[in-house]
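A quick write-up on the structure given underneath.
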Amino acid sequence: MSKQILITGGAGFVGSHLADGLLRAGHKVRILDDLTPQVHPEGKRPEYLSPDVELVVGDVRDGELLRKVLPGVDVVYHFAATVGVGQSMYEISRYMSVNTQGTAELLQAILDLKLAPEKLVVASSMSIYGEGQYRCPQCECAMNPPVRGLQQLKESRWEVHCEPCGSALQPAPTREDKPSEINSMYALSKRDQEELCMIYGRTYGLPVTALRFFNIYGTRQALSNPYTGVAAIFASRMLNGQAPMVFEDGEQMRDFVSVHDIVRANMLALERPESNGRVINIGSGRPISIRDVASILARSLGVDFEPVITHKYRAGDIRHCYADLTLARACLGYEPQVTHEEGFAELATWLQSQEAEDKAETMLQHLTTYGLTA
Ligand code: NAD
Ligand code: UD1
C-alpha cells in the first residue's frame with residue numbers, strides 16, 4: 001500500500017537514493033532539507049533529486065515548519081544531520097544544535113501534534129562504538145579496547161593493544177551490544193539522535209528502528225564536503241591530478257557499504273516489524289584498509305597514483321571497525337549485495353562525469369589550525 005513518507009535531510013547522498021527506492025515501490029516522498037551549503041554549494045534543488053519528490057526547503061530545527069510538513073505522514077526517516085568527524089571537533093555548537101536539538105524538535109512536533117506515525121527510522125552511525133571489537137591472539141579472548149590517547153597518536157603508535165599481555169589486537173566483527181565509547185562530538189550527537197528516538201518510541205509506543213550505518217559510499221556523495229566520505233575525497237583528489245592523502249599508515253580498516261545496500265536495509269525496516277524497537281548495524285561486514293580503498297579507486301579511475309601516507313593522525317579517528325551483521329540478517333533479512341569491486345567501479349564511472357573540487361588541503365589547514373592533526 002502506498003504510504004506518505006517524510007525524509008528529513010533527504011536531499012543529501014543517502015536520503016536521495018532512499019527517495020528513489022521508495023518512489024519505485026509506489027510511495028509518496030516529501031523531503032525536509034535546508035540544503036546546507038557544505039553539501040549543496042549551489043544552494044538549489046539538486047539535479048539528481050527525482051522530480052516526483054516534494055521538496056520543502058527548511059531547517060529541521062524549525063518547529064513551526066515541522067508542524068506543517070508532518071501532518072499526513074505515515075513514516076518518517078530522520079536523516080538530517082551535519083556530517084563529519086574532524087569538523088565536529090571545532091564546530092561543536094553547530095553539530096550539537098543540528099543533530100541533537102534537531103532531533104528533539106522533530107520529536108516535540110510529533111508529540112505536540114499527537115501524531116502516531118507507523119514507523120520512525122533514524123540514521124545512526126558506527127561512530128558511536130568508538131573502537132570496534134577485537135580479539136587478542138595471545139589471550140584468545142574478545143576485547144573492547146578504549147580509544148587511543150593523544151600521546152599514543154603523537155608517537156604514531158597506531159594499533160590498539162591488549163592491556164594484560166601487550167599484543168597487537170586483531171579486529172573482529174562489532175556487535176550492537178558493544179558498549180559505546182564516544183570519541184568525537186559528531187559521535188556524541190549521533191548517539192543523542194539514536195537515544196532520543198528510541199526513548200520516544202518506548203515511551204509513546206512508536207515503532208522506532210535505529211540503523212547504525214557504517215561507511216557508506218556511492219554516487220551523489222558530496223564532493224564539496226572534505227570532512228567525510230574518504231572514497232569521495234580520494235577520488236576528488238585523483239581527478240584533480242593529486243595523490244590521495246592517507247592518515248596514519250593507511251592500514252586502518254573500515255566497513256565500506258554501498259548506498260544501494262543501505263537503501264535496501266531502510267526499506268526492509270519499513271516492512272519488518274521484527275526491527276521495531278531495535279538498533280541494528282548496517283554495513284558490508286567486510287573490512288577493508290584505507291590504503292586498499294585508495295588503490296581500488298585508482299584502478300577503477302584508470303589512474304596511477306601511489307597514495308601519500310602522511311603518518312599523521314586525525315583527532316576523533318578510531319583504528320578499526322567493521323559490522324557484525326547477525327542482527328541485521330535476523331531482524332531485517334538484510335544481506336549486502338554489492339561487492340566492493342562493483343560499488344567502487346560504479347562510483348568511479350559517476351565521478352568521471354563530475355566536477356570535483358579538491359578541498360583536502362583546506363580541510364588539512366583547518367584541522368592543523370585547531371591542533372587536530374599532527
Ligand atoms: P549528507 O550530508 O549527504 O546529507 C545530509 C542532508 O541533511 C543534507 O542534504 C543537508 O542539507 C541536510 N541537512 C543538514 N542540516 C540540516 C538541517 N538543519 N535541517 C534540514 N536538513 C539538514 O549526508 P549523508 O551521507 O546522506 O547522511 C545521511 C545520514 O546518515 C546522516 O544522519 C548521517 O549522520 C548518517 N550516516 C551517514 C554515513 C555515511 O557514511 N555517509 C554513515 C553513518 C551515518
Ligand atoms: C566517520 C564515522 C562514521 C560516520 C562517518 C560520516 C567514526 C569511527 N566513523 O567515518 O560513523 O557516519 O564518519 O561522517 O567516527 N582518511 C584519510 N584521508 C582523508 C580522509 C580520511 O586517510 O583524506 C581516513 C580517516 O583518517 C579514517 C578513514 O579514512 O581513518 C575513514 O574516514 P571517513 O571517511 O572520514 O570516515 P570515518 O571517520 O571512518
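First listed ligand is number 1; within each ligand, the first listed atom is number 1. Keep in mind the model is a prediction, meaning the values are calculated, not measured.
For the pair Asp317 and ligand 2, the shortest N or O to N or O distance falls below 3.5 Å. The shortest N/O to N/O separation between Met363 and ligand 2 does not fall below 3.5 Å. Of the N or O atoms in Phe247, one or more lie within a sub-3.5 Å distance of an N or O in ligand 2.
With distances taken over non-hydrogen atoms, the option nearest atom 30 (O) of ligand 2 out of Gln252, Arg212, Gln87 is Gln252. Between the choices Ser127, Pro244, Gly316, the shortest heavy-atom distance to atom 2 (C) of ligand 2 belongs to Ser127. The residue from Asn215, Ile290, Val293 that puts a heavy atom closest to atom 36 (O) of ligand 2 is Asn215. When the heavy atoms of Pro307, Gly250, Ser125, Ala231 are ranked by distance to atom 11 (O) of ligand 2, first place goes to Ser125.
One side chain, Tyr129 or Arg212, offers a donor N or O that lies under 3.5 Å from an acceptor on the other. Inspection of the Gln151 and Lys154 side chains reveals no N or O donor paired with an N or O acceptor under 3.5 Å.
Atom 19 (C) of ligand 2 has its closest protein heavy atom at Met245 O, 3.6 Å.
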Please give the N or O to N or O pairs under 3.5 Å between ligand 1 and the protein, distances rounded to 0.1 Å.
from	atom 1	to	atom 2	distance (Å)
ligand 1	3 (O)	Phe13	N	2.9
ligand 1	9 (O)	Gly12	N	3.1
ligand 1	9 (O)	Asp33	OD1	3.3
ligand 1	9 (O)	Asp33	OD2	2.7
ligand 1	9 (O)	His40	NE2	2.8
ligand 1	11 (O)	Asp33	OD1	2.6
ligand 1	11 (O)	Thr36	N	3.0
ligand 1	11 (O)	Thr36	OG1	3.4
ligand 1	11 (O)	His40	NE2	3.4
ligand 1	13 (N)	Asp34	OD1	3.4
ligand 1	15 (N)	Thr36	OG1	3.3
ligand 1	18 (N)	Asp59	OD1	3.0
ligand 1	19 (N)	Val60	N	2.9
ligand 1	21 (N)	Asp34	N	3.2
ligand 1	21 (N)	Asp34	OD1	3.4
ligand 1	26 (O)	Phe13	N	3.4
ligand 1	26 (O)	Val14	N	2.9
ligand 1	32 (O)	Phe79	O	2.9
ligand 1	32 (O)	Lys190	NZ	2.8
ligand 1	34 (O)	Tyr186	OH	2.8
ligand 1	34 (O)	Lys190	NZ	2.8
ligand 1	40 (O)	Ile216	N	3.0

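Near Ile318, meaning under 4.0 Å from any of its heavy atoms, are these atoms of ligand 2: 8 (C).
Contacts between Phe234 and ligand 2 below 4.0 angstrom, taking non-hydrogen atoms only, involve the side chain exclusively. If you look at Tyr186 next to ligand 2, the close heavy atoms, those under 4.0 Å, all belong to the side chain.
As a member of the Ile/Leu/Val/Met/Phe/Trp/Tyr network built from side-chain separations under 4.5 Å, Ile233 groups with nothing else and remains a singleton.
For residues 213-227, every residue pair satisfying the salt bridge (charged side-chain N to carboxylate O under 4.0 Å, His left out) rule, not counting sequence neighbours, is listed here: Asp20-Arg220. Residue pairs satisfying the salt bridge (charged side-chain N to carboxylate O under 4.0 Å, His left out) criterion with at least one member in residues 102-115, sequence neighbours excluded, are listed as follows: Arg67-Asp112.
Using modelled atom types, one side-chain atom of Glu131 and one backbone atom of Arg319 make a donor-acceptor pair closer than 3.5 Å.
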